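Everything below concerns the one structure shown next.
Side chains included, hydrogens not; waters and symmetry mates left out as well; all remaining heavy atoms used. Fair warning: this is a prediction, and the values are worked out from it, not measured in the lab.
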Amino acid sequence: MSCYRLCSRQLQDLVKTFCLRKDLTVGPSTAKMFYTARNYLAGKIPGELVFAVDKWPDYSAVMCAAGEGTLQHLQEIESYTFCWENGDGLLKLLRDDKLVDWSKNFTIAAFSEKGVPALRQVCREMGKQVPSPDNMTQVRTAFKTDMMPENDMYSLPDPSLTIGRLERHHAELVNRTWVWGGPPKVLEFIQYVLATFPSRCVYDKQGEPLAFLIVQPWGELGMMRTSVPRAGYAAGILHSLINDTLEKGDLPYGYAESGNEIPIKMFDRIGAKWDPSGSCYWIYM
């Protein structure tokens, strides 16, 4: 029996009930799936996203795929996302060649480490090269579930500095400094994100950006940069954006690449909780 592609009404039902069924702080793609679906339904993600489940309505696995009309960068780095409760549901989605185009190169985002054996199994079945450490980026997922206190630790070090949102015309700056930046398709993606989702930026008295943090279409706090490490800028924008997100009833979360101690220490410093289910990967197929 094939998997079930959700129509708009069914996707609305999934979003309404998802948080009742699942703890968003468990599983590297759980919050990602929820906020992607919600933002898509709200018209904040252009083009077509495909959402499918292993069965309906009592699903145990969910897939999101970037379809026609979505931004090119989104298609390349977020081709597929999977969220599952058991391996059978994941295998059913992976094996459905009407949902996963095994003839093309693609990326699987935030794929839980526990699912890698199943993915390798299906790769062999489909005649696809099995993922190796060379094309897998390991990351950890951190969640901030409580408000950050109002104290000097999160205050800006200079009263002449201000915090505001990052504007669309700052996309060139983000594109130059982001690890994924450079090509025009990435600049287009950044321009869209800045125009659509919340951000925070520390400005000097001349109005020049010193540090910034941007919410991604899937709800992640990302693209963070500070021009002067350990100057206190990052603490200020984290405090502002995290508390604002929590006040709206949403869950701030982010990914930290394993081995990169700077974001890992930052999440520890602000009291973030690490996903108890372990590491995940961005896998380039």
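With hydrophobic clusters built from ILVMFWY side chains whose heavy atoms lie under 4.5 angstrom apart, V130 does not share a cluster with F111. Tracing side-chain contacts under 4.5 Å through hydrophobic residues (I, L, V, M, F, W, Y), one never reaches Y59 starting from L90; they form parts of separate clusters. A continuous path of Ile, Leu, Val, Met, Phe, Trp and Tyr side chains, each step under 4.5 Å between heavy atoms, connects Y192 with L213, placing both in one hydrophobic cluster. Connection of I283 to V62 is not established within any shared hydrophobic cluster, with ILVMFWY side chains joined at heavy-atom distances below 4.5 Å, either directly or through further cluster members. With hydrophobic clusters built from ILVMFWY side chains whose heavy atoms lie under 4.5 angstrom apart, L74 shares a cluster with I214.
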Task: Derivation and outcome, side-chain contact (heavy atoms from CB on, under 4.5 Å), residues M63 and C3 - done: CA-CA 10 Å; M63 183 205 78; C3 297; over 6 Å; no
Task: Test log, rule side-chain contact (heavy atoms from CB on, under 4.5 Å), inputs V116 and M136 - done: CA-CA 10 Å; V116 172; M136 300 169 65; 4.1 Å; yes
Open item on the list: With side-chain contact (heavy atoms from CB on, under 4.5 Å) as the criterion, how do L93 and W84 come out once you've worked through the C-alpha distance, each side chain's angles and the decisive distance to 0.1 Å?
Closed with: CA-CA 10 Å; L93 287 170; W84 68 92; over 6 Å; no
- [ ] Under the side-chain contact (heavy atoms from CB on, under 4.5 Å) rule, what do E172 and L187 come out as? Steps first, then yes or no, please.
- [x] CA-CA 7 Å; E172 288 280 5; L187 177 62; 3.6 Å; yes
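E167 is not listed as a side-chain neighbour of L194, based on a closest heavy-atom distance of 4.5 Å or more. With contacts defined as side-chain heavy-atom distances shorter than 4.5 Å, the pair F106/D101 does not qualify. For the pair Y253 and Y35, the minimum side-chain heavy-atom distance is below 4.5 Å. Side-chain contact between L14 and F51 is absent, with no heavy atoms from C-beta onward closer than 4.5 Å. Considering only heavy atoms from C-beta on, W102 comes within 4.5 Å of C123 through its side chain. Residues K273 and T25 have side chains not in contact (no heavy-atom distance under 4.5 Å, counting atoms from C-beta outward). At a threshold of 4.5 Å between non-hydrogen side-chain atoms, the residues R5 and Q10 do not count as touching. Looking at heavy atoms from C-beta onward, K55 lies out of side-chain contact with Y4 at the 4.5 angstrom threshold.
The two residues T30 and D23 have their closest heavy-atom pair at CG2-O, 3.9 Å. The two atoms that bring N175 and P183 nearest to each other are ND2-O, 4.0 Å, heavy atoms only. V193 and V215 get closest at one heavy-atom pair: CG1-O, 3.4 Å. The two residues Q75 and G69 come nearest to each other via the heavy atoms NE2-N, 4.5 Å. The heavy-atom pair separating A66 from L49 by the smallest distance is CA-CD2, 3.8 Å. A pairwise comparison of heavy atoms in S2 and D96 identifies CB-OD2, 4.0 Å as the closest pair.
Ring geometry for F18 against F34 counts as parallel: the plane angle stays under 30°, on a 0 to 90° scale with 60° as the upper cut. Note on ring orientation: taking the six-membered ring where Trp is involved, the planes of F82 and Y80 are parallel (angle under 30°, cut-offs 30° and 60°). Relative orientation of the H170 and Y203 rings is tilted, given thresholds of 30° and 60° on the angle between their planes.
Taking the six-membered ring for Trp and the full ring otherwise, W218 and F197 have centroids separated by 6.0 Å or more. Ring-centre distance between Y255 and W282: below the 6.0 Å cut-off.
Remark: the backbone N or O of P184 is not paired with any side-chain donor or acceptor of H73 at under 3.5 angstrom. With hydrogens and angles ignored, the 3.5 Å screen pairs a side-chain donor or acceptor of R120 with a backbone N or O of P131. For the pair T70 (side chain) and G67 (backbone), a donor-acceptor distance under 3.5 Å is present. When atom types are taken as modelled, the side chain of T226 and the backbone of Y233 share no donor-acceptor pair closer than 3.5 angstrom. Distance alone, capped at 3.5 Å, is enough to place a donor-acceptor pair between the D54 side chain and the S60 backbone. A distance-only check finds a donor-acceptor pair linking the side chain of N243 to the backbone of M148 [under 3.5 Å]. With hydrogens and angles ignored, the 3.5 Å screen pairs no side-chain donor or acceptor of K92 with any backbone N or O of V53.
The residues K144 and D146 are annotated as salt-bridged, a charged nitrogen and a carboxylate oxygen being separated by less than 4.0 angstrom. We find that K248 and D244 are joined by a salt bridge, their nearest charged nitrogen and carboxylate oxygen being less than 4.0 Å apart. A salt bridge links R9 to D13: one of the charged nitrogens lies within less than 4.0 Å of a carboxylate oxygen.
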Run the side-chain donor-acceptor check on residues 260-270: report pairs under 3.5 Å with partners two or more places apart or on a different chain.
{"residue": "N260", "atom": "OD1", "partner": "I262", "partner atom": "N", "Å": "3.3"}
{"residue": "D268", "atom": "OD1", "partner": "W274", "partner atom": "NE1", "Å": "2.7"}

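Partners of Q12 under the side chain to side chain contact (heavy atoms under 4.5 Å, CB included) rule, at least two apart in sequence or in another chain, are S8, L41. Checked against side chain to side chain contact (heavy atoms under 4.5 Å, CB included), T245 has the following partners two or more places apart in sequence or in another chain: L241, D250, P252.
Expressed to the nearest 0.5 Å, how far CG of D158 lies from NZ of K205 amounts to 7.5 Å. Remark: Q216 CD to N39 CG distance equals 11.0 Å, nearest 0.5 Å. The distance from the CE atom of M285 to the CG atom of L119 is 5.0 Å, given to the nearest 0.5 Å. Taking CG of D97 as the reference point, atom CE of M126 lies at 5.5 Å (rounded to 0.5 Å). Taken to the nearest 0.5 Å, the CD1 atom of I77 stands 14.5 Å off from the CD1 atom of I108. Atom OG1 in T145 sits 11.5 Å away from atom CG in L24 (nearest 0.5 Å).
Side chains of T81 and K32: a donor-acceptor N/O pair is present below 3.5 angstrom, by distance only.
In the displayed structure, R95 atom CZ is contacted under 6.0 Å by more than 12 heavy atoms of other residues, nucleotides or ligands. Within a 6.0 Å sphere centred on NZ of K44, other residues, nucleotides and ligands contribute 12 heavy atoms or fewer.
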